[in-house]
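Beneath this line is the structure, given in structure tokens, with notes to follow.
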Amino acid sequence: MDEETSAKEDAPLDEDVPAGMPRDPWESLADLVSRHALLVGLVFLELVFKVSTSLGFLPQLPIILAFAASAGFLLELAACLVPPRARHAATACVLALLGVGFGVEYFVWRAFKVFYDTKTVLSGARDAAGSFMGQIADLVINPSGLVHVALFLMPVALWLVASHPSEPEVPNRTRLACGAVVAHLVALCLVLPFAGIWHAYTDQYSFQTAVPNFGLATSMAKDASRLLSPADTSFERDEAVLTLIKGDVLEVEEEPAEVTYAPSALDIDFEALAESADGTWADLDHYVASLEPSAQNEMTGRFRGYNLVFISAEAFSAEAIRQDTTPTLWRLANRGIQFTDYYQFDTAGTTGGECANLFGLLATQGGSSVKMCADHNMWLTMGNLLNREGYAGWAFHNNTYTYYGRDKTHVNLGYSNGYMGYGNGMEQWVAWQWPQSDLEMVQGTFDNLYGTEAPFNVYYMSVSGHSNYDPWDNMMSQKNWEAVEGLPFSDRVKGYLAANVELDRAMEWLVGRLEELGIADRTVIVISADHFPYGLDNDGPLGSLPYLSELYGYDVTTYFERDHNRLIVWSGSLEDEDPIVVDTPTFSLDVLPTLANLFGCAWDSRLLPGRDVFSDAAPLVYDLSYDWRSDLGTYYAGSGQFVANDGAEVPEGYVEATSATVANRISYCNGVLTTDYYRHVFGDPDDVAAVNAAGRERNAEMVADAQAAYEQPADASGATTD
């Protein structure tokens with residue numbers, strides 16, 4: 001340190017106060033804040049953000065403040081690199097950016113009840129600005145919203161008002177560096193005693209769990225570092241996991257029938273593939289090669305040749321299914337295959353739900369998970385699987401066709417006739433309002449495009465169930481208000497139920513047309529939510545979701561309680577049969593492998609981290625927080641607590657082994673999404689039209705051969721022989 005700097009640091013803080021005389025403590029505090037505005041400002045923002053988005057403060061709050069102090073010291077150190085005359089303006093800019101960043105993330109959380117990483121926020125900003133400006137304004141322009149805007153901008157406002165742009169003193173850089181290191185070590189020491197939080201910081205990181213545990217700034221920094229090496233392929237312990245799960249855990253009430261089923265696998269040598277690759281692809285190959293494929297079963301090919309209508313239903317829930325207000329949804333749920341313990345985990349709003357429903361993968365890359373696959377070989381989608389069987393395919397959406405980049409991603413799903421939304425064709429049948437009508441979409445597309453094109457394979461992303469649910473703002477709630485007016489709920493919950501009446505009327509019309517044409521017994525309707533109805537509550541973390549709790553009938557305190565849902569798989573051919581009930585835990589990643597099995601597609605169960613629910617694979621559902629549920633109990637990663645089901649016998653080592661397999665599957669999801677893994681396995685994608693034409697020709701030959709096999713040869717007299 002030079003003599004001038006040393007003299008400045010040893011001089012009195014206020015020249016008007018003689019050396020040795022006590023200073024006004026408020027002046028000392030103001031001077032401290034002025035000298036370390038970035039440090040104090042960041043700590044303040046983290047404190048406001050934590051208080052505003054969480055009910056729990058221990059042990060997380062001290063951890064967050066320690067990490068924030070470390071980051072604040074680093075910001076102060078970085079400010080030393082700025083020329084002194086520009087430092088005042090630079091500090092103001094950084095404080096402003098921090099305030100805006102915290103504010104945006106806060107309002108994202110208010111809207112969607114999840115934390116969005118920076119990439120997701122930026123990728124969705126244009127879409128949100130174009131389509132949801134009214135809802136954004138409602139979030140901001142109210143007493144709570146305006147108070148939070150003021151709080152997040154307070155540091156920069158105070159800096160501009162109370163500080164002076166005179167040339168500042170040069171801080172002691174050594175002290176700043178030591179402060180950053182010490183604060184970081186303190187934070188780590190606070191984390192270490194809590195195994196769940198430590199794993200969330202190290203090997204089980206996800207943005208959703210990082211923000212409430214470590215603060216927004218630290219989470220964004222860790223997220224930025226992950227962008228440099230996005231594919232996490234740290235697979236481990238799978239042989240032990242498979243031995244344990246497939247050996248000791250599965251229980252059968254009756255002796256299994258002596259039937260040997262072939263594995264659901266393709267003829268692919270993944271070890272040989274690994275030898276031809278390196279890096280992440282080789283890691284993924286070795287991992288897949290270590291897995292045991294699940295077996296085909298009595299339900300394999302049950303729907304072979306059937307038509308398929310798959311709906312990702314906006315903000316759908318099990319509670320939207322009511323015999324009085326949505327009788328057709330009730331019929332489909334209770335007279336089809338019944339899934340009584342189903343989950344759709346909210347990972348990245350609608351696009352996260354579509355990632356799970358369409359790809360059978362968790363959205364490890366947030367809102368970019370689907371977008372980044374726009375030019376990937378998505379070999380394993382129902383669009384591509386059935387396209388290879390010659391199905392006529394379409395994907396539809398009744399909101400703006402470019403929203404979330406669907407004009408680029410949804411043409412890559414394998415549907416032979418492409419994708420249509422509002423703006424590239426849907427507007428001829430669907431009126432422009434908010435939200436748009438699912439009934440109008442189904443009526444227009446069925447009658448004008450695919451209704452007579454059997455076998456058809458159709459995907460709908462609905463919108464009628466979208467928030468908000470005030471009847472004067474939501475045209476679907478207003479349109480169907482009479483159906484819910486007498487229900488014993490608040491107007492907001494009734495508005496939600498009324499919006500879902502529109503989906504019910506769409507299904508009522510569709511089932512009626514299928515029956516009228518005589519093809520209901522050869523058609524399957526599948527409905528899975530994209531996420532829980534987060535638009536019911538403007539504010540509130542888990543434990544403070546009054547309207548959602550009102551809808552569910554219990555206080556929502558865990559992700560499993562929040563994200564429980566109902567999967568619908570119905571066909572007219574099932575209605576006169578004994579009910580098929582799936583009462584083991586299932587989730588949205590199980591939908592794709594289950595449908596692939598039911599439709600008799602050629603697929604490989606090792607390539608999907610969900611399970612065919614009719615196979616011998618053990619039930620296991622999990623989310624990006626590394627929480628999981630099996631038929632033996634539920635594990636909460638944050639606390640490291642496993643709650644066994646009543647009467648369950650849990651083998652020794654089961655929790656550790658199952659947690660390892662969950663970590664492996666999440667790593668696999670990330671590897672597939674970030675590296676275009678299916679291109680490595682299957683090569684470049686073939687032309688959709690050519691694949692479809694070959695499938696039709698192949699099926700025509702199969703039908704002709706089948707008919708010929710049933711024809712009886714005739715003898716010389718013309719009589720048929722036995």
Return yes if a side-chain donor-acceptor contact under 3.5 Å exists between [X] and [Y], otherwise no.
{"X": "Asn480", "Y": "Arg505", "result": "yes"}
{"X": "Thr350", "Y": "Glu314", "result": "yes"}
{"X": "Tyr459", "Y": "Ser312", "result": "yes"}
{"X": "His564", "Y": "Glu319", "result": "yes"}
{"X": "Tyr401", "Y": "Asn399", "result": "no"}

Salt-bridge contact Glu354-Arg406 (side-chain N to carboxylate O under 4.0 Å): yes
Pair Glu502 + Lys479, salt bridge at N-O below 4.0 Å: yes
Look at the rings of [X] and [Y] and say which category their plane angle falls in: under 30° parallel, 30 to 60° tilted, over 60° perpendicular.
{"X": "Tyr534", "Y": "His531", "value": "parallel"}
{"X": "Phe49", "Y": "Phe102", "value": "perpendicular"}
{"X": "Phe152", "Y": "Tyr106", "value": "tilted"}

Close aromatic pair by centroid cut-off 6.0 Å: Tyr419 and Tyr415: no
Ring centers of Phe532, Tyr552 separated by less than 6.0 Å: no
Note, Ile527 side chain near Leu567 side chain (heavy atom, < 4.5 Å): no
Does [X] have any side chain to side chain contact (heavy atoms under 4.5 Å, CB included) partners at least two apart in sequence or in another chain, and if so, which?
{"X": "His376", "value": "Cys373, Met378, Asp676"}
{"X": "Asp623", "value": "Phe345, Tyr559, Ser625, Asp627"}
{"X": "Leu510", "value": "Val309, Val442, Phe446, Tyr450, Met507, Leu514, Ile525"}

Heavy-atom donor-acceptor pair, Ser369 side chain to Gly366 backbone, under 3.5 Å: yes
Tyr622 to Pro609 - nearest heavy-atom pair and separation: OH-O, 2.9 Å
Least distance between heavy atoms, Leu551 atom then Ser317 atom: CD2-OG, 4.0 Å
Six-ring centre of Tyr469, Arg492 cation under 6.0 angstrom, axis tolerance 45°: no
